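Notes for the one structure printed next.
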Amino acid sequence: FVIGRSVKDIPVSNSNGRFQSRVLSKDHARITYTNNRFILQDLGSSNGTFIGDHKLRSDGEVSGTRIYSGDIIRFGSETLDKQRQQSEKCVIAVFKLFHPTGEEEIARPDSERLIPNLEETIGSGKPRRKKPRVKLDDEDIKVYEDI
């Protein structure tokens, strides 16, 4: 299952992982199901793929990272289009994953907790901007910016 930016030949649909977002690459990330595990892999995107605050490697790492039901996954980072003076929002999702048997995948165990990448946490000494937070309202995902 590929997540990415919608394009002319692959438009946005309820049955695919395409979004109208300029911060996503055409083929941004892939979710696969192997050996009873869901694996998320960044496909070399420009703006990154994150599980919580942990940035996935985009250097062609074949193995990817295991994901669990309830993981907050961010595709891309908010950017500013200087020409239009408009910010482009990233895509944030909370996945509910189901095995072929119909059984839901477990939540992330404490032993599998991901540590935020050091360069993402500390950066260049600049104060960190607050990340968007997600609020679930029935089946819709709403994103609110902390100001």
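Remember, it's a predicted structure, so these values are computed and weren't measured experimentally. Heavy-atom basis, side chains included; hydrogens, waters and symmetry copies ignored. Sequence positions, counted from 1, serve as the residue numbers for this chain.
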Once rounded to the nearest 0.5 Å, what's the spacing between atom [atom1] of [X] and atom [atom2] of [Y]?
X	Y	atom1	atom2	value
Leu40	Phe50	CG	CZ	11.5 Å
Arg108	Leu114	CZ	CG	4.0 Å
Glu105	Ser69	CD	OG	6.0 Å

Query raised in the report: Where do Phe38 and Phe98 come nearest, in terms of heavy atoms and distance?
Result: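 Here Phe38 and Phe98 meet closest at CZ-O, 3.2 Å.
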Query raised in the report: What is the minimum heavy-atom distance between Cys90 and Gly76, and which atoms define it?
Result: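 Looks like CB-O, 3.5 Å.
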Query raised in the report: For Arg5, what residues pass the side chain to side chain donor-acceptor pair (under 3.5 Å) criterion, not counting sequence neighbours?
Result: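 Here no residue qualifies.
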**Report entry** Under the side chain to side chain donor-acceptor pair (under 3.5 Å) test, residues paired with Arg30 that sit two or more places apart
**Finding:**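 Applying side chain to side chain donor-acceptor pair (under 3.5 Å) to Arg30 gives none.
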Query raised in the report: Would you say the side chain of Phe75 lies within less than 4.5 Å of the side chain of Ser21, judging by non-hydrogen atoms?
Result: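 Answer no - side chains too far apart.
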Query - Note, Pro109 side chain near Tyr68 side chain (heavy atom, < 4.5 Å) - result: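 Yes, their side chains come closer than 4.5 Å.
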Query raised in the report: Quick one: does Arg37's side chain have a donor or acceptor within less than 3.5 Å of a partner on Thr32's backbone?
Result: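 Not confirmed, Arg37 side chain does not pair with Thr32 backbone.
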Query raised in the report: Where the side chain of His28 meets the backbone of Gly44, is there a donor-acceptor pair that is under 3.5 Å apart?
Result: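 Side chain of His28 to backbone of Gly44: no pair is present.
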Query raised in the report: Got more than 12 heavy atoms from elsewhere within 6.0 Å of CG, Asp9?
Result: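 More than 12 within 6.0 Å, yes.
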Is there a path of hydrophobic side-chain contacts, each under 4.5 Å between heavy atoms, that joins [X] and [Y]?
X	Y	result
Ile73	Tyr33	yes
Ile10	Leu24	no
Leu97	Phe1	yes

Report task. List the steps and the verdict of side-chain contact (heavy atoms from CB on, under 4.5 Å) for Ile31 and Phe95. Result -> CA-CA 11 Å; Ile31 297 174; Phe95 281 86; 3.6 Å; yes
